[in-house]
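Notes follow the structure.
Source: prediction; values computed, not measured. Just so we're on the same page: letters track the sequence lines, and every chain starts at 1.
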Amino acid sequence: MHDVRLVRERLDDLREAMRRRDALDALGPQLDRCEGLERERRLLIQAVEERKAARNAGSQEVARRKRAGEPADDLIASGRALGDEIGRLELELGDAERSLATILLEVPNITLPDVPAGDESNNVIVRSWGDPRPSEGVRPHWDIAAQYGLFDLERAAKISGSGFAVFRGAGSRLVRALLNFFLDVHTREHGYEEVWTPVLVNRGSMTGTGQLPKFEDDAYKIADDDLFLIPTAEVPVTNLYRDEILDGAELPKAFTAYTPCFRREAGSAGKDTRGILRMHQFDKVELVRYCAPEQSETELATLLGHAESILQRLGIPYRVKLLAAGDTGFSSAKTYDLEAWAPGVGAWLEVSSCSTFTDFQARRANIRFRPAKGEKPRFVHTLNGSGLAFPRTLACILENYQQPDGAVLVPEVLRPYVGSDRIG
RNA sequence: GGACAGGUGGCUGAGUGGUUGAAAGCACCGGUCUCGAAAACCGGCGUACCGGCAACGGUACCGUGAGUUCGAAUCUCACCCUGUCCGCCA
């Protein structure tokens, strides 16, 4: 959510930001409406407060006269008239504020100046790591998994539906290994505090991080209780400090969490239908950081480095992609995707997405910090990134570590967790 | 799910419908005293919005939302949360 002052003072900047996202056609008229609504809102606030001040003064005088035993019927009558008027004006004010909020809650964040404008064709590969293994002779992960019984999509479809997976045997053990390996690295070497959170969250949390109101159709919802299954651990972890004021000396704060993630993938029909590349439920270890605005630039680099470190330890070649404004998520101001090489499917798979949200989420979730004693609270900056998503990482491991005899070597760093050095 | 008891400022904790943004204490900040510190004493100490260059003025906020009233922390209703007991349950 944007500061209303942006509408008042820098509406052109907001328009330009939407243009860079290729969203001006859709949002331009809405922004124009905001300008009028904002003006109307302020006039109504002034009108209401003026009358409230008069009513308060009148009430004081009523109290004084009653104590003095004097009549106050005239003041009570004028107070009642003021009250009626205030009621009417407040209805109008409520309408204006709701209309304004409805629009503003659906305006995406402003991307940073170094984010390229336009759609995904303007994404930039900023660097890459490792030597991508040629695809020749490498089977896709679903073939490997079928041979060694690593996961069972047919039975998952029977018990849940398409887009769900049952991992079994060595496959299940690999998932558990990823979970422990990722969390161990982030807590022991990268300085994150580990948290284990609910995966069912309320509407306020989903709105705080920006999934709602615009993307309600993408989320699994428990209608009876107005709860949502989290699409990412970003939601519960970022909302940890919703409506709080943090001590500036504590910043930056860093959290890592393992959670399952649930996505309806509405609009993704027909994409990545083979294997486990796009699931309704998948597992992920997430990294979340809170920092002061001045730190967020370096914090993003730090976060990205932590995610990259996992791929390097696993020995999986990857590339770092800076997303163009039009490809950048709703709440994000700047996003780097980490794409790992999957020789079997012959594609770069997005295994992590690292973003800074500047103060966009903090404003929605009301997360502030006090820079120093006696100073005014300011909004924090929030960042998050996957470190990493399990299914695609698993696919990359199977395909990169496939041996000529068909077996799969277990990456060195995972061996203590898996308990063996090969599958097959 | 049922029955009680509660939800007030960073914390503890008062608060008869009418100078209550809210007593008091703690914590915190500044000052006096001191060689320094502690103690004592004095003063300060919430957030947001509206207007104003500013000084400052105004409005709102005592779990949330409605309602009664000239006026609500205080009365009414609904909801949420916490605690305790019962039921159920991994």
Original post:
Which whole number of Å gives the distance between the P atom of B:rG2 and that of B:rG87?
Top reply: 16 Å
Subject >> P atoms of B:rG7 and B:rU74, separation to the nearest Å >> reply: 12 Å
Subject >> Atom pair distance, as rounded to whole Å: CZ in A:Arg67 and P in B:rG71 >> reply: 17 Å
Original post:
For the residue pair A:Val201 and A:Met206, what are the closest heavy atoms and their distance?
Top reply: CG2-CG, 3.7 Å
Original post:
Under 30°, 30 to 60°, or over 60°: which ring-plane class applies to A:Tyr192 and A:His190, parallel, tilted or perpendicular?
Top reply: perpendicular
Original post:
Tell me: CD of A:Glu244 to C1' of B:rG63, nearest whole Å?
Top reply: 15 Å
Original post:
When all nucleic acid strands are considered with a 4.0 Å heavy-atom cut-off, which category describes A:Lys66: base, sugar-phosphate, or nothing?
Top reply: base
**OP:** State whether A:Asp218 and A:Arg264 are salt-bridged, where the test is any N-O pair (Lys NZ or Arg NE/NH1/NH2 against Asp/Glu carboxylate O) under 4.0 Å.
**Re:** no
Original post:
Which nucleotide sits closest to the side chain of A:Arg370: B:rC70, B:rG58, B:rU47?
Top reply: B:rU47
Subject >> Structure string for RNA chain B in dot-bracket form, Watson-Crick and G-U at under 3.5 Å, | interchain >> reply: ((((((((.[[[..)..(.....]]].(((((.......))))).((((((....)))))).[[[[[..)....]]]]])))))))....
**OP:** Please determine if A:Glu339 and A:Arg392 form a salt bridge, counting it only when a charged side-chain N lies under 4.0 Å from a carboxylate O.
**Re:** no
Original post:
Looking for any heavy atom pair under 4.0 Å, which part of the strands does A:Arg51 touch: base, sugar-phosphate only, or nothing?
Top reply: nothing
Original post:
Which value, in whole Å, describes the distance between the C1' atoms of nucleotides B:rU59 and B:rU76?
Top reply: 26 Å
Original post:
Does a side-chain N-to-carboxylate-O contact under 4.0 Å join A:Arg370 and A:Asp247?
Top reply: no
Original post:
Hey, does A:Arg368 reach any base, or is it just sugar-phosphate, or nothing, if we go heavy atoms under 4.0 Å?
Top reply: sugar-phosphate
Original post:
Expressed as a whole number of Å, how far does the C1' atom of B:rC26 sit from that of B:rG9?
Top reply: 13 Å
Original post:
With rounding to whole Å, what would you report as the distance between B:rA73 and B:rC62 at their P atoms?
Top reply: 7 Å
**OP:** Take atom CZ of A:Arg378 and atom P of B:rU47, then tell me their distance rounded to the nearest Å.
**Re:** 15 Å
Subject >> side-chain N/O A:Lys376 vs B:rG46 OP1/OP2, d < 4.0 Å >> reply: no
Original post:
So which one's nearest nucleotide on RNA chain B is more toward 5', A:Gln60 or A:Asp3?
Top reply: A:Gln60
**OP:** Write down the distance separating the C1' atoms in B:rA72 and B:rG21, rounded off to the nearest Å.
**Re:** 15 Å
Original post:
Nearest to the side chain of A:Ile76 - B:rG51, B:rU59, B:rC70?
Top reply: B:rC70
Subject >> Phosphate-side-chain proximity, A:Arg80 and B:rC70, N/O vs OP1/OP2 below 4.0 Å >> reply: yes
**OP:** Would you indicate what A:Arg64 reaches in the nucleic acid, counting non-hydrogen atoms under 4.0 angstrom: base, sugar-phosphate, or nothing?
**Re:** nothing
**OP:** Could you check which of B:rC70, B:rA48, B:rC50 has an atom nearest any side-chain atom of A:Arg8?
**Re:** B:rC50
Original post:
If we take the P atom in both B:rG71 and B:rG13, what is their distance in whole Å?
Top reply: 34 Å
Subject >> Residue-phosphate contact under 4.0 Å: A:Asn56 side-chain N/O, B:rA60 OP1/OP2 >> reply: yes
**OP:** Go through the N and O atoms of the side chain of A:Glu49 and the base of B:rG58, and report whether any donor-acceptor pair is under 3.5 Å.
**Re:** yes
Subject >> Ion pair check, A:Asp32 and A:Arg15, cut-off under 4.0 Å >> reply: yes
Original post:
Rounding to a whole Å, what distance do you find between A:Ile367:CD1 and B:rU47:P?
Top reply: 18 Å
Subject >> Nearest-angstrom distance from the residue atom CG of A:Leu89 to P of B:rU59 >> reply: 16 Å
Subject >> Toward the 5' end of RNA chain B, by each residue's nearest nucleotide, A:Gly83 or A:Lys52 >> reply: A:Lys52
Original post:
Which whole number of Å gives the distance between the C1' atom of B:rG17 and that of B:rU68?
Top reply: 12 Å
Original post:
In this structure, which one of A:Tyr417, A:Tyr258, A:Phe390 forms a ring-ring contact (aromatic ring centres under 6.0 Å, His included) with A:Phe182?
Top reply: A:Phe390
**OP:** Have a look at A:Ile45 and say if it touches a base, only the backbone sugar-phosphate, or nothing, with a 4.0 Å heavy-atom cut-off.
**Re:** sugar-phosphate
Original post:
Can you check the A:Asp226 CG to B:rG65 C1' distance for me, whole Å?
Top reply: 15 Å
**OP:** Return the value, rounded to whole Å, for the distance between atom CG of A:Asp73 and atom C1' of B:rU69.
**Re:** 15 Å
**OP:** Could you tell me if the ring centre of A:Phe164 sits under 6.0 Å from that of A:Phe282?
**Re:** no
Subject >> Nucleotide of B:rG51, B:rA60, B:rC70 approaching A:Val62 most closely (side-chain heavy atoms) >> reply: B:rC70
Subject >> Touch class at under 4.0 angstrom, heavy-atom based, for A:Arg363 against every strand present >> reply: nothing
**OP:** Inspect the contact between A:Glu61 and A:Lys66 and indicate whether a charged nitrogen and a carboxylate oxygen are less than 4.0 angstrom apart.
**Re:** no
Subject >> Atom-pair distance (CD1 on A:Ile86; C1' on B:rA60), nearest Å >> reply: 12 Å
**OP:** Would you indicate which nucleotide in B:rC70, B:rA48, B:rC49 comes nearest to any side-chain atom of A:Arg5?
**Re:** B:rC49
Original post:
Is it true that A:Lys52 and A:Glu49 make a salt bridge, defined as a side-chain N closer than 4.0 Å to a carboxylate O?
Top reply: no
